[in-house]
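Notes for the one structure printed next.
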Amino acid sequence: MSRRNKLIVLILLLSLECVLMFWCRNRYMTVFSEGAVYESPASVDFKPDFAERNYLSVYIPVTSAVWVGKNAPDKGQTIYLIPGKNVDGMLFIRRASDVKPAGEYLAVTAKGYMYGRVSFDFPASRVYMTSGQMKKLSVLELTERVQVKEGTGKDDKTRTQLKNRITAIIRIDDGHAVIERLLCNGAPVELAYTTVGTNVHITYSNGQTDKDVVTTEGTDIEDVSQPEVSGNRESWLDKLI
């Protein structure tokens with residue numbers, strides 16, 4: 001291929017990339033401004049270089065649904081999810097099918113199928129923030145987990161849960177989803193300090209024999225995942241950042 005032809009191909013590829021970037025941004029802004037609003041439990045994954053990015057990685061624990069399609073879905077197949085709200089007002093998937101519905105829906109890729117349920121990755125995993133908002137984040141308040149007793153007896157079991165209740169505001173439109181913002185105990189995450197939101201009473205571990213104990217209700221570990229935290233809060237924070 002001549003130098004002239006290589007230059008033409010390069011220009012075409014750059015033009016195509018620009019068009020694709022413009023389309024993606026336009027699609028994102030449309031969903032962000034016009035999409036139906038849902039809320040879901042969430043957890044934040046603070047990667048080592050998170051402060052250098054313009055987004056946070058977020059996990060939404062909406063990853064399976066009842067399958068109502070005629071045939072079992074194949075791995076990698078595009079499927080359609082019908083969103084709804086449970087009794088707590090949180091997002092859940094009513095059903096999944098291989099037929100595109102007329103109303104609100106999400107288009108995702110099937111990961112697996114077992115016992116009448118199909119699994120998938122939630123199609124939104126980032127929330128975009130300004131550098132000013134990122135600098136205000138409290139990593140400890142958004143990710144720390146504590147041990148909670150399930151009863152009042154001496155021998156009652158304990159479970160691990162997030163110290164604070166983290167939720168995501170999600171917009172859904174025409175098969176697409178974006179995370180609009182994150183809340184900590186109902187307030188914006190950049191205000192997530194111990195003086196904001198639900199007050200909690202925590203006895204922290206000494207990092208040796210005893211465990212962290214919190215006496216207020218939070219988000220169960222089964223509803224969210226990673227990062228997991230235990231031990232002394234200061235030593236944990238040093239390792240994280």
Side-chain angles (χ1 to χ4, degrees), residues 28 31-32 35 37-64 83 88-93 106 108 120-148 159-172 176-200 202 204-205 212 214 216-241:
Y28 176 89
V31 178
F32 190 91
V37 179
Y38 293 86
E39 188 173 1
S40 171
S43 62
V44 183
D45 183 7
F46 283 94
K47 303 202 180 283
D49 60 344
F50 82 93
E52 302 173 7
R53 305 185 182 192
N54 65 339
Y55 67 86
L56 288 178
S57 296
V58 179
Y59 174 73
I60 305 296
V62 180
T63 57
S64 71
D88 297 319
M90 294 290 146
L91 170 68
F92 84 107
I93 303 302
L106 284 169
V108 300
F120 51 84
D121 288 328
F122 192 78
S125 60
R126 293 180 178 182
V127 58
Y128 292 91
M129 308 181 74
T130 66
S131 59
Q133 291 173 319
M134 295 286 278
K135 292 177 181 178
K136 295 179 180 179
L137 294 177
S138 171
V139 178
L140 186 63
E141 296 300 316
L142 297 180
T143 61
E144 186 174 16
R145 295 176 186 271
V146 291
Q147 296 289 324
V148 181
R159 58 187 171 88
T160 303
Q161 68 178 36
L162 284 174
K163 172 187 169 183
N164 292 302
R165 182 172 180 266
I166 310 301
T167 59
I169 301 301
I170 299 167
R171 295 268 190 167
I172 296 176
H176 301 272
V178 301
I179 301 175
E180 181 179 353
R181 63 183 182 274
L182 290 176
L183 304 178
C184 178
N185 297 327
V189 292
E190 57 267 31
L191 302 179
Y193 296 94
T194 53
T195 55
V196 177
T198 302
N199 291 324
V200 291
I202 303 171
Y204 289 99
S205 165
D212 299 338
V214 64
T216 190
E217 184 178 356
T219 303
D220 196 294
I221 191 172
E222 294 180 356
D223 295 329
V224 294
S225 71
Q226 297 195 11
E228 182 137 5
V229 178
S230 62
N232 181 275
R233 63 186 297 180
E234 294 181 358
S235 61
W236 170 81
L237 185 59
D238 291 338
K239 293 179 181 179
L240 185 64
I241 60 176

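The figures that follow rest on heavy atoms only: side chains count, while hydrogens, waters and symmetry mates do not. Start at 1 with the first residue, then count along the sequence.
The side-chain heavy atoms of H176 and R171, taken from C-beta on, include no pair separated by under 4.5 Å. E39 is listed as a side-chain neighbour of L183, based on a closest heavy-atom distance under 4.5 Å. Between T167 and L182, the closest side-chain pair of non-hydrogen atoms is not below 4.5 Å. Using a 4.5 Å cut-off on side-chain heavy atoms (C-beta onward), P83 and L91 make contact. Residues Y38 and I172 meet the side-chain proximity criterion, which asks for heavy atoms closer than 4.5 Å.
Of all the heavy atoms in L106 and P123, the pair that sits closest is CD2-CG, 4.0 Å. Contact between I179 and R126 at its shortest, heavy atoms only, is CB-O, 3.5 Å. Considering all non-hydrogen atoms of both residues, V62 and F120 come closest at O-CE1, 3.2 Å. Residues A168 and I60 come closest through the heavy atom pair CB-CD1, 3.7 Å. Nearest heavy-atom pair across P41 and P61 is O-CD, 3.0 Å. Nearest heavy atom pair, residue C184 against residue V189, reads N-CG1, 4.1 Å.
Here the CD-CD distance, from Q133 to E190, works out to 5.0 Å after rounding to the nearest 0.5 Å. Taking OG of S138 as the reference point, atom NZ of K136 lies at 13.5 Å (rounded to 0.5 Å). With rounding to the nearest 0.5 Å, the separation of CE in M134 from CG in L56 is 4.5 Å. The distance from the CG atom of D121 to the OH atom of Y59 is 8.5 Å, given to the nearest 0.5 Å.
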field: side chain to side chain contact (heavy atoms under 4.5 Å, CB included) evaluation trace for L142 with L137
entry: CA-CA 8 Å; L142 297 180; L137 294 177; 4.1 Å; yes
- request: Test F122 against I170 for side chain to side chain contact (heavy atoms under 4.5 Å, CB included), laying out the working first.
  value: CA-CA 11 Å; F122 192 78; I170 299 167; 3.9 Å; yes
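Proximity of a side-chain donor or acceptor of N164 to a complementary backbone N or O of E141 within less than 3.5 Å is detected. Side-chain atoms of N185 come within 3.5 Å of backbone N or O of R165 as a donor-acceptor pair.
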